[in-house]
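In the text below, chain A, chain B and the rest are named by the order of the sequence lines, each starting its count at 1.
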There are 2 protein chains.
Amino acid sequence: MGALAMPTDTKTALLDSAERAARSQGFDGFSYADLAEDVGIRKASIHHHFATKAALSVAMMQRYRLGLESACQQIDDTYTSGRDRLLALVGVYRDALRGGKSLCLCVSFSASRASLHRDVIAEIKLFRLMMLKWIATVFELGKSDGTIRAVSDPEREAAATLSLLEGAQLAARAEEDMALYEKALSLLLDRTH
Amino acid sequence: MGALAMPTDTKTALLDSAERAARSQGFDGFSYADLAEDVGIRKASIHHHFATKAALSVAMMQRYRLGLESACQQIDDTYTSGRDRLLALVGVYRDALRGGKSLCLCVSFSASRASLHRDVIAEIKLFRLMMLKWIATVFELGKSDGTIRAVSDPEREAAATLSLLEGAQLAARAEEDMALYEKALSLLLDRTH
DNA sequence: ACTTAGCTACCTACTAGTAGGTTTCTCACA
DNA sequence: TGTGAGAAACCTACTAGTAGGTAGCTAAGT
């Protein structure tokens, strides 16, 4: 997420631009015209790569899901304790906020559900399912290695944590204040000391 | 919220219609045309009541904030324990979901921050501040009357709880599944048995 | 007489999308 | 090596509809 390398092709550039736009302005708040201007091609050219805005959105959300899946895999490869993995996840969601200027794509899209194609909604469900499963493994690990305190049911911990992360993002985004993200997460993080 | 009584005037009908629209479709996802059709007046007539969409949104968000403030006051008047007040709050947010078809206005608007007038954002901040203060009093009460377990810092509990409520709404809205709301809240509710 | 609350008509700007064309590149074939 | 066909990736021009908003009018109520 947010790689510094420039994309090598127009299609990737369009996906990057669309993701930034969607995460800060929402699905209904950006247009093909915005992407055309940002990427430097004519609006009609976008339809060559993505026939419809819905198709673009499906590709965007799928790419995002695979990116987060990869990020979770990297966390697993890097950290061995439940505590460190949880902290890394909180960091991923913090970074996605970009100082309060944007949201996780899943959060942004979820709020615009009424405007989304069913295939985008299906991608969101897959994303959520993947995140819930992974977060549950983090709590299972934290419970067994003792690095996260007071873990009851990892599945319910995962449900609560994903909601907490997304809600904390909304708070920080609404007021463009990262301190709100930190405060919302602080009790959860206290369980990792 | 969601009173059955029909509004007595067009302005109130417009606010009701706009709120329903904004909560299910987001700020950028509904239009004056939608409201005109719903209320049964011409689009241009809306401008008589609300000169701009921004003005309509400020009025909407202010009305919502006052409504929630009143709802919290009613909870205080009805319940004496921290536990019952917390449960009532969770119920208010559950009702706002309308079976997964809509969101709390604050959640919906927060996701569209980029499109909002600064006066709407100011109303959102007031709303959040009011909710955080009130929820903190609920945890203070729950801590002192022993009806909520493991209360550490009421202020941080409030920050976590508001985020959890909003995130749980997003989950339920994304998949139109109220069970997701219940699951996300279940560990918190366990602390009230 | 003034105000309110609606109306029609119209404005500019924007939206997603379509149609048909041009340019450049690649590959197969003679 | 040159040529031609086809594909890819862009272009201009356009469509139909929608967006928020304005101007001026009318009728009813106070």
Side-chain angles (χ1 to χ4, degrees), chain A residues 6-61 108-109 111-121, chain B residues 6-61 63 108-109 111-121 123:
Chain A
M6 300 301 290
T8 55
D9 62 305
T10 304
K11 189 166 187 171
T12 302
L14 284 169
L15 284 168
D16 287 346
S17 179
E19 184 181 310
R20 285 194 298 274
R23 284 169 55 190
S24 60
Q25 293 159 269
F27 178 80
D28 294 306
F30 80 96
S31 64
Y32 264 36
D34 295 327
L35 308 187
E37 186 173 356
D38 186 49
V39 169
I41 61 176
R42 291 311 207 221
K43 190 173 70 68
S45 303
I46 301 177
H47 292 281
H48 169 75
H49 298 285
F50 301 99
T52 63
K53 195 176 184 185
L56 168 66
S57 303
V58 174
M60 197 195 316
M61 189 65 221
S108 176
F109 268 4
S112 303
R113 188 204 203 277
S115 303
L116 300 179
H117 190 276
R118 75 173 76 86
D119 292 343
V120 182
I121 295 169
Chain B
M6 300 301 288
T8 55
D9 62 306
T10 303
K11 187 165 187 171
T12 302
L14 285 169
L15 283 168
D16 288 346
S17 180
E19 185 182 307
R20 285 195 298 274
R23 286 169 53 191
S24 59
Q25 293 160 272
F27 178 79
D28 294 305
F30 81 95
S31 64
Y32 264 34
D34 295 327
L35 308 186
E37 186 175 356
D38 186 49
V39 169
I41 62 176
R42 292 306 209 223
K43 189 169 72 71
S45 303
I46 300 177
H47 293 280
H48 169 75
H49 299 284
F50 303 100
T52 64
K53 193 178 186 185
L56 167 66
S57 303
V58 173
M60 197 195 316
M61 189 66 220
R63 187 180 80 145
S108 177
F109 268 4
S112 303
R113 188 203 204 279
S115 303
L116 300 179
H117 189 276
R118 75 174 75 88
D119 292 342
V120 183
I121 294 168
E123 278 296 332

Worksheet item: Can you check the A/Phe27 CZ to C/dT15 C1' distance for me, whole Å?
Response: 12 Å
Discussion item. Side chain to side chain contact (heavy atoms under 4.5 Å, CB included) for A/Val39 and A/Ile46? Distances and angles first, verdict last.
Written reply: CA-CA 10 Å; A/Val39 169; A/Ile46 301 177; over 6 Å; no
Discussion item. What's the separation between atom CG in B/Leu15 and atom CG in B/Leu56, rounded to the nearest 0.5 Å?
Written reply: 6.0 Å
Fill in: Whether B/Ser108 side chain and B/Ala22 backbone form a donor-acceptor pair below 3.5 Å
yes
Worksheet entry | Step-by-step side chain to side chain contact (heavy atoms under 4.5 Å, CB included) determination, A/His47 to A/Tyr32 | CA-CA 9 Å; A/His47 292 281; A/Tyr32 264 36; 3.2 Å; yes
Discussion item. Within the 4.0 Å heavy-atom criterion, would you say A/Phe50 contacts the bases, only the backbone, or no part of the nucleic acid?
Written reply: nothing
Practice prompt. May I ask you to verify if any side-chain N or O of A/Ser31 is less than 4.0 angstrom from the OP1 or OP2 atom of C/dC14?
Written response: no
Worksheet item: Are any of A/His48's side-chain N or O atoms less than 4.0 Å away from OP1 or OP2 of D/dA9?
Response: yes
Fill in: Interface residues of residues 111-119 of chain B with DNA chain D (non-hydrogen, below 4.0 angstrom)
none
Practice prompt. Report yes if a side-chain nitrogen or oxygen of B/Ser45 is closer than 4.0 Å to either non-bridging phosphate oxygen (OP1 or OP2) of C/dC7; otherwise report no.
Written response: yes
Discussion item. Tell me whether the rings of A/Phe27 and A/Phe109 are parallel (<30°), tilted (30 to 60°) or perpendicular (>60°).
Written reply: perpendicular
Worksheet item: Using a cut-off of less than 4.0 Å, is there contact between a side-chain N or O of A/Thr10 and OP1 or OP2 of D/dC10?
Response: yes
Discussion item. Does atom CZ (B/Arg63) have a neighbourhood of more than 12 heavy atoms from anything else shown, all under 6.0 Å?
Written reply: yes
Worksheet item: Which of these passes side-chain contact (heavy atoms from CB on, under 4.5 Å) with B/Ser45: B/Arg42, B/His49, B/Lys43, B/His48?
Response: B/Arg42
Identify all pairs in which a protein N or O lies below 3.5 Å from an N or O of nucleotides 17-24 of chain C, and state each distance.
from, atom 1, to, atom 2, distance (Å)
C/dG17, OP2, A/Lys53, N, 2.7
C/dG17, N7, A/Lys43, NZ, 2.8
C/dG17, O6, A/Lys43, NZ, 3.0

Worksheet entry | Rounded distance in Å - NE2 (B/His49) to P (D/dT22) | 16 Å
Item to complete: Determine, stepwise, if the pair B/Arg20 / B/Asp38 fulfils side chain to side chain contact (heavy atoms under 4.5 Å, CB included).
Response: CA-CA 11 Å; B/Arg20 285 195 298 274; B/Asp38 186 49; 3.0 Å; yes
Discussion item. Can you measure B/Leu14 atom CG to C/dA5 atom P for me and round it to whole angstrom units?
Written reply: 11 Å
Practice prompt. Using whole Å, report how far CZ of B/Arg42 lies from P of C/dC10.
Written response: 14 Å
Discussion item. Using the rule given for side chain to side chain contact (heavy atoms under 4.5 Å, CB included), can you reason through A/Ser31 versus A/Asp34, listing the C-alpha separation, both sets of side-chain angles and the distance that settles it, and then say yes or no?
Written reply: CA-CA 5 Å; A/Ser31 64; A/Asp34 295 327; 3.2 Å; yes
Worksheet entry | Atom-pair distance (NZ on B/Lys11; C1' on C/dT4), nearest Å | 12 Å
